[in-house]
Novice: 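Below is the structure I would like to discuss, written out as structure tokens.
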Amino acid sequence: MKYNPSKIEKKWQKTWLKEGVYEPNFKNPREKGKFYNLMMFPYPSAEGLHVGNMYAFTGSDIYGRFKRMAGHDVLEPIGLDGFGIHSENYAIKVGTHPADQTKKSEKNFYRQLTEIGNGFAWKEKLETYDPEYYKWTQWLFIQMFKNGLVYRKKQPVNWCPSCKTVLADEQVILAHRNLGEVGGGECERCGTKVIKKDLEQWFFKITDYAERLLNNLEDIDWSEKIKVAQRAWIGKSEGALLKFSIAKSQSVIDVFTTRADTLYGATYMVLAPEHPLVNELKSQITNWDEVQAYREKAKGKTDIERTAEGKEKTGVELKGIKAINPANNQEISVWIADYVLAGYGTGAIMAVPQHDERDAEFAKKFDLPFSDAPLVAVDEIVKKVSGKKITQYRLRDWLISRQRYWGPPIPMIHCEKCGWQPVPEKDLPVKLPKIEDFRPTGTDQSPLASVEKFYKTKCPNCKGEARRETDVSDTFLDSAWYYLRYPSANHKEEAFDPDVTKKWLPVDMYIGGAEHAVLHLLYVRFVAMALHDWGFLNFEEPMTRFRAHGLIIKDGAKMSKSKGNVVNPDEYIKKYGADALRMYLMFLGPFEQGGDFRDEGVAGITRFLNRVWALIDKVQKEDVAEIQKTLHQTIKKVTEDIEGLHYNTAISQLMILLREIEDVEVISRSQFEMVLKLLAPFAPHITEEIWRTVLKNKKSIHLEAWPEYNTKHLVEKTANLVLQINGKTREVMVVDRDLSEAQVKELVLASEKMQRHLDGKTIKKFIYLPNRLVNIVTE
RNA sequence: GCGGGUAUGGCGAAAUGGCAGACGCGCCAGCCUUAGGAGCUGGUGGCCGCAAGGCCGUGGAGGUUCAAAUCCUCCUACCCGCACCA
């Protein structure tokens, strides 16, 4: 019988589905308890899953299969993050309706996800664009609203001119800044330069959770780089709020400073050009035209131009205005300059050229005084000038509305009399109507705004004429709670079944891309905390453990369509089989580091699998002593390596074991079965085929118990003692274990080789590490 | 600029402070075959040497240690995050 991957893989995929091998028992998990193994679900935007997705899914699946065999009831769910700009843009590109395109993509994605051989719980699959799903996304929005975490506000917001919608701060990527290229931020989806627009939008008050989002990081087992990124994004800084009064006026300028101790050195003040106080002081400003011109310029200037100008300071003095330094009552000048940001702190600063580089630069340019005033104690000065110690965060509220079609309509109704009202929960879902003209309008409104049938409605409160919100919510809201839905995917009454949730949440292992560090991975934590506070969840942190997987490149370069080096996994599965592709991907390098895909490499794994297949002919009854040691070493190493996601070294060890087995004539059935089990998470098809078809076992190998190693096989009678002279290895001596130092010394000094190297030298020191090493130090 | 990470053969990589380069690719030699982009066996960091063996070697420069890829200091390059955040 020859190993024929394409034949056996399809067969077992069907059988697994039919037998429900990967369906957990939600009510009564197996002896070791539940294990929720989650991989970030994909968004079906492109032609299909690329090899990078397969890499991530395989890595996650190996972990899940391992946990299942280790006795856990594993939930490894799958779904599609199919709502959102990415899917809609793709539909526009290929000229179909998103609803139709998604159905097509869905089929293709699920086919691919089946063919890679993952142990998914298909009965719990979900799609975010399914009304049965987004009904609860809307419910979540309403809970946010009812709990005071939603507000509308007009302010300058990020606008993508290509996607024709607003974006959250997290969705604006600051790239190319240092490359001298103009660019003040690009749309996370399409790469277009983002501009600022003054618009009224819906926001989620994620900033209320800033402190907890920061503090909880200490307690969760997440990849360090994600924690670092989140800490930076939240950007906590502790300082003081100080008041500067304006001479001959009632007005006061609040400033936030982390250096209250330098207050005596504050020689001027700067307001952001957008600061509201500027208008208030108009009548006193003697150079209003100049001020107004600068403000106009700053407003029209997007970050694009600011960056193009480098960090050269610009600004205009508010002539006629003087502020008073509360520490020494000296009058100081007041300026507006765009190096002060309206959105951070109070939008105003006290400038201390002596202690702040930026202030120094500005002072130099505009010939402002430098003070060498001494530092004072923070607490003292804050008290003296009646200031207040406060904490600032860099984090901004989550802009949640989008002027697009393909998303869950925001479940809010506006009534002229009663104001904004949430849609009554019994009326959910607010279904997204299938409309012909779904393209973004560019009018600051969603295409739904021109669909009267959709927006015309009654006020839930007074029953009068009212208008439905026509914006949809951000895709990241869909994915901010999907992990809660999986175990309750077939539950109709609530977003998630309280009993099942109590049993199955939080997620035990979450694997995904690091690019979501301050996007999805921040939102998902915020939403869990809110749900916890409203009494829906008994945990605050949704994922106990998170690991970021590495990225796959091709022949040393990033994969991209323009380079034509995109690896299509379908071709490789067809040619080599899913098992070979899985193992090759995992063998490339450490899972958390990624690797370089090269076609030649697949051959090594194919050879390996063929040789495993050939072992079939070696099986007999009795255990074979020669391989016991390596076999048990392999159990130990593979177990530890999978736990640490070191799949590449686990596979190396399996290769070493295979070679040893090939050196013996025969092996026992039970030894062979252990080998198959160790290999099963990596190569689920070939192991199942041998397990059931050849060895005639009834039950799936993937439900078998993970092998345990016996330390008695690991202990050896002899040790390889490394003999060094002055740190240089001269000989490796096989000695009985656990000899005394004196015995070892005698043996070592008797060695001809050692004698040669020691000839004429005086031994100064004799270092002995039992069973491992001897180092002789000479004069 | 600040923070985090990485740097090891021709390539992907491996090494609780203790034999650097496991494992795999590629390459070389041999076997097998009508044939090989198949399979098997052996070899494969560099330099010197017929060999035994020796010397050098983990981005660079120092240091700690009996012993450093690993720990410390400084430097260089690349990657990631934040960035005029007061």
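No experiment lies behind these values; they were computed from the predicted model shown. Per chain, numbering begins at 1; letters A, B, ... match sequence-line order.
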Novice: Does anything in residues 646-663 of chain A pair up under salt bridge (charged side-chain N to carboxylate O under 4.0 Å, His left out), and if so which pairs, sequence neighbours excluded?
Specialist: A:R611-A:E662
Novice: Which nucleotide, B:rC84, B:rC82, B:rA13, lies nearest any side-chain atom of A:D338?
Specialist: B:rC84
Novice: Return the pairing partner of B:rU41 with a 3.5 Å limit on both distances, Watson-Crick or G-U wobble; otherwise return none.
Specialist: B:rA29
Novice: For the C1' atoms, the ones on B:rC11 and on B:rC19, what distance do you get once it is rounded to whole angstrom?
Specialist: 25 Å
Novice: For B:rG24 and B:rA68, measure between their C1' atoms and round to the nearest Å.
Specialist: 27 Å
Novice: Can you tell me which residue pairs pass the salt bridge (charged side-chain N to carboxylate O under 4.0 Å, His left out) test with a partner in residues 258-272 of chain A, sequence neighbours excluded?
Specialist: A:R259-A:D261
Novice: How long is the line joining CG of A:L263 and C1' of B:rA86, in whole Å?
Specialist: 13 Å
Novice: Is A:K225 atom NZ crowded by more than 12 heavy atoms from other residues, nucleotides or ligands, each under 6.0 Å away?
Specialist: no
Novice: For A:E357, does the CD atom have more than 12 heavy-atom neighbours from other residues, nucleotides or ligands under 6.0 Å away?
Specialist: no
Novice: Suppose you measure atom P in B:rA20 against the same atom in B:rU34; what distance do you get, rounded to whole Å?
Specialist: 47 Å
Novice: Any side-chain heavy-atom pair from A:Y264 and A:V352 closer than 4.5 angstrom?
Specialist: no
Novice: For residues A:V340 and A:G347, report the shortest heavy-atom separation together with the two atoms involved.
Specialist: CG1-O, 3.5 Å
Novice: What do you reckon, is NZ of A:K575 surrounded by more than 12 foreign heavy atoms closer than 6.0 Å?
Specialist: no
Novice: Quick one: classify the glycosidic conformation of B:rG43 as syn or anti, with syn meaning within 90° of 0.
Specialist: anti
Novice: Identify which nucleotide among B:rG12, B:rA86, B:rC19 has an atom closest to any side-chain atom of A:L588, counting heavy atoms from C-beta outward.
Specialist: B:rG12
Novice: The side chain of A:R659 lies closest to which of these nucleotides: B:rA13, B:rG26, B:rG24?
Specialist: B:rG24
Novice: Just how far, in rounded Å, is P of B:rA67 from CG of A:N726?
Specialist: 8 Å
Novice: For A:K365 and B:rC84, give me the distance from atom NZ to atom C1', rounded to whole Å.
Specialist: 13 Å
Novice: For RNA chain B, determine which residues of residues 634-653 of chain A have any heavy atom closer than 4.0 angstrom to one of its atoms, and list them numerically.
Specialist: A:N648, A:T649, A:S652
Novice: Could you give the distance separating B:rC74 and B:rG3 at their P atoms, to the nearest angstrom?
Specialist: 12 Å
Novice: Could you tell me the separation between the CD atom of A:E592 and the P atom of B:rC80, rounded to a whole number of Å?
Specialist: 18 Å
Novice: Suppose we define a pair by two distances each less than 3.5 Å, Watson-Crick or G-U wobble; what does B:rG3 pair with here?
Specialist: B:rC80
Novice: Watson-Crick or G-U wobble partner for B:rA52, using a 3.5 Å limit on both distances?
Specialist: none
Novice: Identify, with sequence neighbours excluded, every residue that meets ring-ring contact (aromatic ring centres under 6.0 Å, His included) alongside A:Y523.
Specialist: A:W398, A:F476
Novice: Using side-chain hydrogen bond (donor to acceptor under 3.5 Å, both in side chains) as the criterion, list what pairs up with A:K389, not counting sequence neighbours.
Specialist: A:D379
Novice: Name the residue closer to the 5' end of RNA chain B, choosing between A:V732 and A:F256 according to the nucleotide with the nearest heavy atom.
Specialist: A:V732
Novice: Could you state the atom-to-atom distance from CD of A:E361 to P of B:rA86 in whole Å?
Specialist: 16 Å
Novice: For A:G589 and for A:I349, find the nucleotide of RNA chain B with the closest heavy atom, then tell me which residue's nucleotide is more 5'.
Specialist: A:G589
Novice: Centroid-to-centroid, A:F597 to A:Y55, below 6.0 Å?
Specialist: no
Novice: How many Å lie between CD on A:Q724 and P on B:rG18, as a whole number?
Specialist: 11 Å
Novice: Applying the Watson-Crick and G-U wobble criteria at under 3.5 Å, what pairs with B:rG57? Answer none if nothing qualifies.
Specialist: none
Novice: Quick one: look up who B:rU8 pairs with, Watson-Crick or G-U, both distances under 3.5 Å, and put none if it's unpaired.
Specialist: none
Novice: Do any of residues 764-773 of chain A sit with a heavy atom less than 4.0 Å from RNA chain B, and if so which?
Specialist: A:K765, A:I767, A:L769, A:R772, A:L773
Novice: Could you give the distance separating B:rU44 and B:rC23 at their P atoms, to the nearest angstrom?
Specialist: 12 Å
Novice: Hey, are the side chains of A:L581 and A:V602 touching, using non-hydrogen atoms and a 4.5 Å cut-off?
Specialist: no
Novice: Can you check the distance between B:rC75 and B:rA7, where both ends of the measurement are the C1' atom (answer in whole Å)?
Specialist: 14 Å
Novice: Using atom C1' in both nucleotides, what's the gap between B:rA15 and B:rG9 to the nearest angstrom?
Specialist: 15 Å
Novice: Can you give one letter per nucleotide of nucleotides 35-56 of chain B, 5' to 3': B if a protein heavy atom sits under 4.0 Å from the base, S if only from the sugar-phosphate, - if neither?
Specialist: ----SS------------SSSS
Novice: Got a sec, which residues hit side chain to side chain contact (heavy atoms under 4.5 Å, CB included) with A:E592, two or more places apart in sequence or on another chain?
Specialist: A:S223, A:R547, A:L645
Novice: Could you pull out all residues at least two apart from A:Q230 that satisfy side-chain hydrogen bond (donor to acceptor under 3.5 Å, both in side chains)?
Specialist: A:R525
Novice: Under 4.0 Å, heavy atoms only, any strand: does A:G604 hit a base, just the sugar-phosphate, or nothing?
Specialist: sugar-phosphate
Novice: Separation of A:H275 atom NE2 from B:rA86 atom C1', in whole Å?
Specialist: 13 Å
Novice: Name every residue in residues 223-240 of chain A that has at least one heavy atom under 4.0 Å from any atom of RNA chain B, in order of residue number, or write none if there are no such residues.
Specialist: A:A229, A:W233, A:S237
Novice: Could you note down all residue pairs passing salt bridge (charged side-chain N to carboxylate O under 4.0 Å, His left out) where residues 634-656 of chain A supplies at least one of them, sequence neighbours left out?
Specialist: A:K67-A:E643, A:R545-A:E643, A:K636-A:E640, A:K637-A:D641
Novice: For residues A:Y268 and A:F362, establish whether the separation of their ring centroids is below 6.0 Å.
Specialist: yes
Novice: Which nucleotide, if any, forms a Watson-Crick or G-U wobble pair with B:rG36, using both distances under 3.5 Å?
Specialist: none
Novice: Could you give the CG-to-C1' distance, from A:D356 to B:rG1, as a whole number of Å?
Specialist: 13 Å
Novice: When the P atoms of B:rG37 and B:rA29 are compared, how many Å lie between them, rounded to an integer?
Specialist: 14 Å
Novice: Sequence neighbours excluded, which residues qualify as side-chain hydrogen bond (donor to acceptor under 3.5 Å, both in side chains) partners of A:Y3?
Specialist: none
Novice: Dump the intermediate steps for side-chain contact (heavy atoms from CB on, under 4.5 Å) on A:Q392 and A:Y344, then the final yes or no.
Specialist: CA-CA 8 Å; A:Q392 279 288 325; A:Y344 184 77; 3.7 Å; yes
Novice: Just name whichever nucleotide pairs with B:rA69, Watson-Crick or G-U, keeping both distances under 3.5 Å, else none.
Specialist: none
